[in-house]
Amino acid sequence: MPDGPRPHWLFGDQLGPHFLSPGHDGPDARAPVVMIEARSVLRRRVFHRAKAHLVLSAIRHRARELGDRVTYVRAETYGEGLRQVFGKRRPPLTVCHPTSRRALGLVHRLGDVEVLPARGFLVPQTDFAQWAGERPHVRLEDFYRWVRQRHDLLMDGERPAGGRWNLDHDNREPPPRDAERLDVPGPWRPREDDIDEEVRHDLDRWERAGEVSFVGRDGPRLFPATRREARSALRRFVAHRLAGFGPYEDAMLAADPVLSHSLLSAPLNLGLLDPAECAELAERAYREGEAPLNSVEGFVRQVAGWREYVWQLYWHFGEEYRGLNALRHTAPLPEWFLSLDAGAVTANCLSTVLAQVRDTGWTHHIPRLMILGSRALQDGWDPAAVTDWFHRCFVDGYDWVMLPNVLGMSQYADGGRMTTKPYTSGGAYVHRMSDLCGPCAYRPTERTGPHACPYTAGYWAFLDRHRARLEHNHRTARAVKGLDRLGDLAEVREGVAERGDGAP
């Protein structure tokens, strides 16, 4: 490359314009850009086919947009790609802070690469570290209020809009009775183009050659792969779907897996959207009377609260967090789960959600937590393997996303560093919040016998197995005391033990 500004290396989840805007601590406005499509990333894990398609499509679309400014190479590894571009005499580079420790370690090992501050998040890591300080617990609610105040999000002066910080109580409605779908316009969907066709051809070719392996189904693409598409998806959500988002954000319907959810996590995590623009557009809808406060606050909490919280904790907890296993769960993931074999599962809720993952690489947060994660927690699956599965099988899954979300919140493997209790339940919760139990072969109220709900039996067996730990937790102590009222606890234990790794 010619003499001049240092080239800027752009990773595949840094695809929005804000990763190249010069500004403070940004790359030079005239910096040439390097992008590397490293095949080794796909070889390391068995990813969902739709995820591989989306990521490659997004990367290649961004390269086309950048035109002559970018040098785009396809190589086995990132190091090989850099050698293809620069030869043996690589000049100094700049790069925005990568989103994984693995990528950051690679950058540091290369040497002569300036790591610029992270972009695509609201709170700089240094500011979070200062805020967290010596706090014994870094809880979401405290962090969320601090972010709202710092960024003047949904604030009326010094007070939260509407007088309350948290409107979760208004956003936990079960789905409307006898409704198969919510009465809302559908989400934005893309139209595939020649790049999508090329990606699908390449994935087919590599898979036939035995170079890579996938799970799940691919096509048509469901999520944005360009900045233009992502902005269209955001505008459609805010204009047509945000108003109805709040009340039913925790609900589940078999025929309507999307409900009023935004489907913006994938473009956000690819860097195609910035969280500030998402939160600000939603707030504008509230200020202009286009969406109620409970729906807007619920969305802002997801984007400016939870997403930011997870990002910060990924770095704050350190690499040792990855190896935590407070509950000492070591069971391997069963083959039907690994292969997304929904047809092997009898429990309707689990079969339905597993089929959604198989077909789209996505479900919203409640099926992830209370169907998939809850099953893993109750049956004592290895939390590291569960985390890896979520990383591989979800289109929005990255290391920073899934490590705190799955290992911390879903599997409680950190023993409460992130959340105050394990998140699991019996079939009654699923029955209340969905239409999934009606056609099921099992009954949510039964914990033993041929119609015993695997979630109800699994819930009580989980409490029993971890009684010594959970009876001292103020949020689970009452549930643990309920074990003493079960006259059939021995039968519950036996039924769960016999189930083993077989699909329920």
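Residue numbers start at 1 and run along the sequence shown. What you see is a predicted model, and the numbers here were worked out from it, not measured in a lab.
- Arg241 places a side-chain N or O within 3.5 Å of a backbone atom of Pro185 that can act as its donor or acceptor partner.
- The six-membered or imidazole ring of His48 lies away from that of Phe214, with a centre-to-centre distance of 6.0 Å or more.
- Taking each heavy atom of Asn348 and Cys440 in turn, the nearest pair found is N-SG, 3.4 Å.
- A donor-acceptor distance shorter than 3.5 angstrom exists from the side chain of Arg189 to the backbone of Leu222, with no hydrogens or angles considered.
- Looking only at side-chain heavy atoms (C-beta outward), Trp362 and His261 come within less than 4.5 Å of each other.
- The two residues Leu272 and Pro224 have their closest heavy-atom pair at CD1-O, 3.7 Å.
- For the pair Arg417 and Phe317, the cation-pi test (distance below 6.0 Å, angle within 45°) is passed.
- Contact annotation: the side chain of Phe245 never approaches that of Asn171 to less than 4.5 Å [non-hydrogen atoms, C-beta and beyond].
- The shortest side-chain heavy-atom distance between Leu340 and Trp389 falls under the 4.5 Å cut-off.
- With hydrogens and angles left out, the side-chain atoms of Asp396 and Ser265 include a donor and acceptor closer than 3.5 Å.
- Here the closest non-hydrogen pair linking Leu372 and Arg368 is CB-O, 3.6 Å.
- Trp400 and Asn269 are not linked by any side-chain donor-acceptor pair at a separation below 3.5 angstrom, with hydrogens and angles left out of the test.
- Between Asp399 and Arg102, none of the side-chain N atoms (NZ, or NE/NH1/NH2) sits under 4.0 Å from a carboxylate O, so this pair counts as no salt bridge.
- By the neighbour-count criterion of 12 heavy atoms within 6.0 Å, atom CD of Glu319 is densely surrounded, having more than that number from other residues, nucleotides or ligands.
- The side-chain heavy atoms of Arg49 and Arg217, taken from C-beta on, include no pair separated by under 4.5 Å.
- Gln378 and Pro454 make their closest contact through OE1-O, 3.7 Å (heavy atoms, listed as atom of the first residue, atom of the second, distance).
- Looking only at side-chain heavy atoms (C-beta outward), His329 and Leu377 come within less than 4.5 Å of each other.
- Looking only at distances, a side-chain donor or acceptor of Tyr314 sits under 3.5 Å from a matching main-chain atom of Arg101.
- The aromatic ring centres of Phe128 and Phe143 sit less than 6.0 Å apart.
- Using a cut-off of 4.0 Å between Lys/Arg side-chain N and Asp/Glu carboxylate O, Asp379 and Arg465 are scored as not salt-bridged.
- For the pair Tyr309 and Pro404, the minimum side-chain heavy-atom distance is 4.5 Å or more.
- In this structure, His431 places its NE2 atom where only 12 or fewer heavy-atom neighbours from other residues, nucleotides or ligands lie under 6.0 Å away.
- Taking 4.0 Å as the cut-off between side-chain N and carboxylate O, Arg301 and Glu141 count as a salt-bridged pair.
- A cation-pi contact links Lys51 to Tyr398, judged by a cut-off of 6.0 Å to the six-membered ring centre and 45° from its axis.
- Considering only heavy atoms from C-beta on, Arg236 stays 4.5 Å or farther from Leu263 through its side chain.
- Residues Leu242 and Ala285 share a closest heavy-atom pair of CD2-CB, 4.2 Å.
- For Asp250 and His365, the side-chain atoms include at least one donor-acceptor pair closer than 3.5 Å.
- Taking every heavy atom of both residues into account, Gln411 and Trp381 meet most closely at OE1-O, 4.5 Å.
- Between Glu280 and Arg284 there is no salt bridge, since no side-chain nitrogen of the basic residue lies less than 4.0 Å from a carboxylate oxygen of the acidic one.
- Counting heavy atoms from C-beta outward, Leu354 and Trp336 have side chains that approach closer than 4.5 Å.
- Other residues, nucleotides and ligands contribute only 12 or fewer heavy atoms inside 6.0 Å of the NZ atom of Lys481.
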